[in-house]
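Below: the structure, in structure tokens.
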Amino acid sequence: MLQIVIRTLLIYFIVLIVLRIMGKREIGQLSSFDLVVAIIIAETAAIPMENKAIPILEAVLPMLVVMAAQITMSYICLKYDLIRDLVYGRPTTLIKNGKILEQEMLKARYNIEDLLTQLREKNIFNIADVEFAVLESSGKLSVLPKSQKHPVTAEDMGIPTKYEGLCLPLIIDGRIQKENLTKADLDENWLREELRREGVTDVRQIFFASLDTQGNLYIDRRSD
């Protein structure tokens with residue numbers, strides 16, 4: 001029993017390392033090539049978990065080979081456009097200048113219901129409002145609404161705006177994020193003093209706290 005647990009944990013961590021080395025991709029952004037690689041690695045990892053007769057080295061080696069092949073193919077695709085198009089595919093324009101391209105939809109085996117569904121997911125309920133729609137190789141739909149349907153922005157109205165950067169989490173689950181404090185040129189003494197002003201005497205009472213680029217401190221207590 002202990003041997004099975006150790007083998008399973010070992011293979012689990014090896015799979016995590018292999019996937020981490022292969023790069024960051026969301027599941028929805030996986031191409032067919034990436035998906036096949038993920039399935040192969042999953043199958044390769046599952047078999048030795050169930051079969052104790054397979055040595056760990058023989059279980060790990062196929063995963064390393066698949067990883068090396070995937071990384072090599074990725075570098076080749078970076079260099080050669082033709083191979084990249086064959087492996088990952090190319091985006092397909094489904095709507096151009098407000099007109100649906102039926103032939104392109106046919107080539108992509110993409111029906112009008114699929115198109116309407118993905119448009120609704122982007123809060124577009126009238127196909128007449130679309131100037132361009134491109135089906136990406138990941139299967140997602142990129143949409144450019146017609147100019148008169150764009151949301152009004154501060155730039156359109158000539159309103160000056162302030163810089164908005166990323167908020168820095170300073171406390172997560174009661175733990176001070178010292179690295180982020182350093183990035184903000186602040187220290188723990190400053191943070192604790194700010195918390196005291198809000199009536200907080202113990203950092204562990206805070207579930208989450210962050211600092212925006214305007215110097216405003218957001219605090220969310222556990223009691224909330």
Side-chain angles (χ1 to χ4, degrees), residues 20 23-31 78 81 84 88-101 104 110 114-224:
R20 180 66 183 85
K24 299 179 180 179
R25 285 286 185 93
E26 294 181 5
I27 296 298
Q29 295 177 334
L30 291 179
S31 65
L78 287 174
D81 294 342
R84 180 169 62 250
Y88 291 102
R90 301 184 65 182
T92 302
T93 301
L94 303 181
I95 299 177
K96 182 178 181 180
N97 296 325
K99 178 173 175 54
I100 299 175
L101 304 181
E104 295 300 321
Y110 195 85
D114 293 331
L115 179 61
L116 293 175
T117 298
Q118 291 207 339
L119 287 175
R120 287 194 296 270
E121 289 175 351
K122 296 185 177 298
N123 295 321
I124 296 178
F125 294 86
N126 189 346
I127 202 168
D129 296 341
V130 178
E131 190 71 44
F132 282 90
V134 179
L135 181 64
E136 307 293 351
S137 56
S138 64
K140 290 188 174 182
L141 189 70
S142 299
V143 179
L144 176 66
K146 291 183 176 179
S147 57
Q148 60 269 32
K149 296 296 181 178
H150 285 184
V152 177
T153 65
E155 182 180 8
D156 295 332
M157 301 181 68
I159 301 175
T161 58
K162 296 181 180 180
Y163 170 76
E164 293 184 6
L166 295 176
C167 291
L168 287 175
L170 301 184
I171 300 175
I172 297 178
D173 198 16
R175 294 189 298 273
I176 295 176
Q177 307 300 303
K178 297 180 180 179
E179 181 180 349
N180 288 339
L181 274 173
T182 302
K183 289 180 180 178
D185 293 326
L186 300 171
D187 55 25
E188 289 190 37
N189 292 331
W190 172 87
L191 180 58
R192 293 182 186 278
E193 180 62 30
E194 291 295 318
L195 293 177
R196 276 193 292 269
R197 291 179 182 176
E198 298 294 330
V200 178
T201 57
D202 190 343
V203 175
R204 290 173 294 182
Q205 297 174 348
I206 304 300
F207 180 71
F208 180 78
S210 64
L211 184 72
D212 64 20
T213 53
Q214 307 302 319
N216 300 313
L217 185 64
Y218 169 81
I219 298 175
D220 183 81
R221 308 187 188 203
R222 290 184 184 275
S223 58
D224 294 342

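A quick note: this is a predicted structure, and the numbers were derived from the prediction, not measured. What you see below is based on every heavy atom in this structure, not just the backbone, and it leaves out hydrogens, waters and symmetry mates. Count residues from 1 along the sequence.
Under a cut-off of 6.0 angstrom, the local environment of CD in Glu179 is sparse, with at most 12 non-hydrogen atoms contributed by other residues, nucleotides or ligands. Counting non-hydrogen atoms of neighbouring residues, nucleotides and ligands closer than 6.0 angstrom, the NZ atom of Lys146 exceeds 12 such neighbours. For Leu166, the CG atom sits in a loose shell: 12 or fewer heavy atoms of surrounding residues, nucleotides or ligands are nearer than 6.0 Å. Residue Phe207 qualifies as open at atom CZ: its count of foreign heavy atoms under 6.0 Å is 12 or below.
A salt bridge is defined here as a Lys NZ or Arg NE, NH1 or NH2 lying under 4.0 Å from an Asp or Glu carboxylate O, and Lys140 with Glu136 fails to meet this definition.
The closest donor-acceptor contact from the side chain of Lys122 to the backbone of Leu141 lies under 3.5 Å. Not a single donor-acceptor pair under 3.5 Å links the side chain of Arg192 to the backbone N or O of Asp187.
Here the straight-line distance linking atom CZ of Arg204 with atom CD1 of Ile206 works out to 12.5 Å at 0.5 Å rounding. Note that the CD atom of Glu188 and the OG1 atom of Thr182 stand 9.0 Å from one another [nearest 0.5 Å]. The CD atom of Glu198 sits 6.5 Å away from atom CZ of Arg221, with the distance rounded to the nearest 0.5 Å. Here the CD atom belonging to Gln177 is positioned 10.5 Å from the CG atom belonging to Leu168, to the nearest 0.5 angstrom. Here Ile219 contributes atom CD1 and Ser210 contributes atom OG; the two are 9.5 Å apart, rounded to the nearest 0.5 Å. Rounding to the nearest 0.5 angstrom, the gap separating the CG atom in Leu211 from the CG atom in Leu186 is 6.5 Å.
The nearest pair of heavy atoms linking Asn216 to Asp212 is N-OD1, 2.7 Å. Nearest heavy-atom pair across Phe132 and Asn97 is CZ-OD1, 3.4 Å. Shortest non-hydrogen contact noted between Pro145 and Ile124 is CG-CD1, 4.3 Å.
In this structure, Glu121 and Thr117 have side chains that are in contact, with non-hydrogen atoms separated by less than 4.5 Å. In this structure, the side chains of Phe125 and Leu119 stay at 4.5 Å or more apart for every pair of heavy atoms. By the 4.5 Å heavy-atom criterion applied to side chains, Leu94 and Leu101 are not counted as neighbours. The closest side-chain heavy-atom distance from Gln148 to Asp129 is not below 4.5 Å.
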